[in-house]
Structure formats: C-alpha cells, structure tokens
Amino acid sequence: MANWWRVISPIEKNNLIMKTLENKLLSVVIPAHNEESGIAHALSVIQEILATCGMDWEIIVVDDGSSDRTFDRLRELAAQEARIRGVRFSRNFGKEAALLAGLNIAKGDAVVTIDADLQHPPRLIPAMIEAWKQGAKVVDGVKRSRATDGALTRLRARIFNATLSRLGGINMENSSDFKLLDRIAVNAITRALPERQRFYRGLSDWVGYPHESILFDVEERAQGQGKWSLWGLLGLATTAIVTFTSAPLRIVTGLGVITLIFGCFVAGEALIGWFQGRSVSGFSTTIFTLLIIGSFIMISLGIIGEYIAKIYDEVKARPPYLIDSSIGIDRENA
Ligand code: UDP
Ligand code: MG
C-alpha cells in the first residue's frame, strides 16, 4: 500500500485479476428446445470448461416449451449439481424469449449465452472471460465459417444478415448469439429496455460499451436437428428489421415516387395521343398501369401493416414469456 504508485508488473496484475475474479460469478445461459438427446452431454462439456475458469459459476437452462423430456433430463442433472438451474416455459416462446428469461434470471457479474447443441464451442469461454477481464463489456462470438451448414442454410443466413446490415445499419454479418455480457450490459438489456419485441444480437450491439470479437468455427450440431423453419427465420428477420429500422417505410415512399414518374410518363403519352387525334387505344397500358400501381399499394400496405402489428404487440404489453416450473430459482427474479 505504501508505494501504490509504482508500476504493477504484468504477473502481479494477472495475480491481482485472478484474486478479484475469485469472488465473481459467471452465469451461463442456455436456451433449449427439444434438446433431450444432447443436453446432458452439452452441460458436462460446459461444466468441464467452467471448472478451469477460476470463477464461481451457475448454469441456467431455459427450456423453451420442449415437447420431449428435456426438462426431466435437466431435473436429473440439477439433482447432482446444485449450480445447474433451470426454468420451463409454459409453451414454446422462441429463442429470443428464452435468452431474455436467462438474462433476467442470471445473477452473474458476467453472463455467457450459448446454444445447447454445442455449435458454439464452449472451449472459447475462457478466451471470452480473458477479453472481459481486459475491459470489454460485450464479447461477441463471430462466426468464421459456416462450412458445416448446408448450402441452402448458408445462403439463407447470408441473405438474412445482408438485408439486416443494409436496412438496420447494424453489422450482423456473421454475428451470433454466442456472447459474453458484462453485468452493466445485461442490466441495460433487461432493465433499461422496456420493449417486448427483442432481437438479442441487435440489442447487444445497440447498447454500445466496449466490444470485443472472438472468431469461432460453427461446429456440427452435436445431436438432433436445427430448429429453424423458413417461417421461423422469416419471423425473426421481420422482427429484427421492424424493431431496428424504419427504412422499409421509406421504401414505400420510394415506390410512390416511382409510380408518380411512371404515371407522368403514361399521362404524357395519353395527352399527346389525344392531341394527335388518336382514338382510345392503349388497353394493355391501362391494365399494366393498374396492376403495377395495385401491387405497389399492396406491398406498401403490407410493410405499414408489419409496423402496425409490432406497435399493437407492444401496446398489448403481454409478457414475452410465461414460466411453468423452475429448478433452483427463486421465482421472483424470473
Ligand atoms: N431454441 C429455442 N427455442 C426455439 C428454437 C431453438 O430455445 O424455438 C434453442 C435451441 O435449443 C438451441 C438454440 O436455440 O439451443 C439454437 O437453435 P438451433 O440449433 O435450432 O438453431 P441454429 O443453430 O440453426 O441457429
Ligand atoms: Mg444450432
């Protein structure tokens, strides 16, 4: 204490950090939907890694209304290890809701969110903690390759990310839900944001704070099948776009301008024809114009409708999820 101003050597600094980390808690949040076959293996792999991290830990599994025995598996696992906790939703509310529930329940000074299928390599958790120790408040797992995904899945992800990056102004390219958040970022997402329509990847970017990225290769799914249907993904994409940007509404204006220019052109043509004494021809032009304008109007109504639907959802203010039962969690927090 006497000479506190002297420069601290890197080793001393590390020791100091290790000491301060000893009493820190790391929460690992795992959304799980029909993961009966893989959850036990995933948890054992994750626990092995956590044992090497030099922090206290807890694992929170959010069973997103599984129709298989995922929650029974969890109960068995929690009976052997008290630091494994879990909740079960009353039905399937989706991964976004599951992540939110996990963040709400987690008590950790840092929270890692990771998939239940081991596609997010748990062995990177120590590297994430390292980045967090160095001051990052959000550590993003960024996908290096999607080599294990099929061509169609990759194309889908590409279109999804590119659309979002362009329209939302948030860089989603190769981003994932595999992240470490500092308590300050967790609080920002769970307490400071009242919205119900959530897009975790976007929000963790939106909150700001110092970010750090860690590259990872997407692993083969350990067990079972990917859960995203095309509709599910489209729904997520719509939520992501509508909650993050009003750019599509500008597209409506753009369509209007295009129609106007087109309309002027056709009107001019008709006027010239009238002066030249040409009779009422141009049946196909009329039909064509009607159809184009009609579809522009319908597209525009659809886009506006998406926003109105989201506004309606927010106004209804329904809870993002309902909890059916829990293991090792005091229900007040969930
Ligand atoms: N998941 C969930 N609710 C759902 C769908 C998926 O909690 O409605 C979980 C799933 O159990 C897994 C993670 O979200 O832990 C990612 O799901 P999946 O592997 O199906 O998607 P992908 O790897 O293609 O993103
Ligand atoms: Mg997966």
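In each ligand, atom 1 is the first atom listed, and ligand 1 is the first ligand listed. Note that the structure is predicted; figures quoted are calculated from it, not measured. Side chains included, hydrogens not; waters and symmetry mates left out as well; all remaining heavy atoms used.
For ligand 1 and A32, the ligand atoms under 4.0 Å from any heavy atom of the residue are 7 (O), 11 (O). Less than 4.0 angstrom separates some heavy atom of D115 from each of these atoms of ligand 1: 13 (C), 15 (O), 16 (C), 23 (O). Short contacts between ligand 1 and D64, defined as distances under 4.0 Å to a heavy atom of the residue, involve ligand atoms 2 (C), 3 (N), 4 (C), 7 (O), 8 (O).
A donor and an acceptor atom, one from each side chain of T70 and E36, are nowhere located under 3.5 Å apart. At a cut-off of 3.5 Å, with distance as the only test, a side-chain donor of Y321 or N104 sits close to an acceptor on the other residue.
Contacts between V62 and ligand 1, counted as non-hydrogen atom pairs separated by less than 4.0 Å, are absent for every part of the residue.
Within the 3.5 Å criterion, the main-chain N or O of A185 finds no donor-acceptor partner in the side chain of D182.
Where the criterion is an N or O separation shorter than 3.5 Å, residue side chain and backbone included, P31 meets it with respect to ligand 1. Not one N or O of A98 is nearer than 3.5 Å to an N or O of ligand 1, by distance alone.
Summarising the local packing, CD of E195 is surrounded by more than 12 heavy atoms from other residues, nucleotides or ligands at distances under 6.0 Å.
Residues forming a salt bridge (charged side-chain N to carboxylate O under 4.0 Å, His left out) with R75 (at least two apart in sequence, or on another chain): none.
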Practice task
May I have the step-by-step check of side chain to side chain donor-acceptor pair (under 3.5 Å) for Q80 and E76, ending in yes or no?
Solution key: CA-CA 7 Å; Q80 292 157 23; E76 290 159 24; over 6 Å; no
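At a threshold of 2.8 Å, the Mg ion (ligand 2) has a backbone or side-chain N, O or S atom of D117 nearer than that distance.
Evaluated by nearest non-hydrogen atom to atom 14 (O) of ligand 1, the leading choice among H33, K95, E35 is K95.
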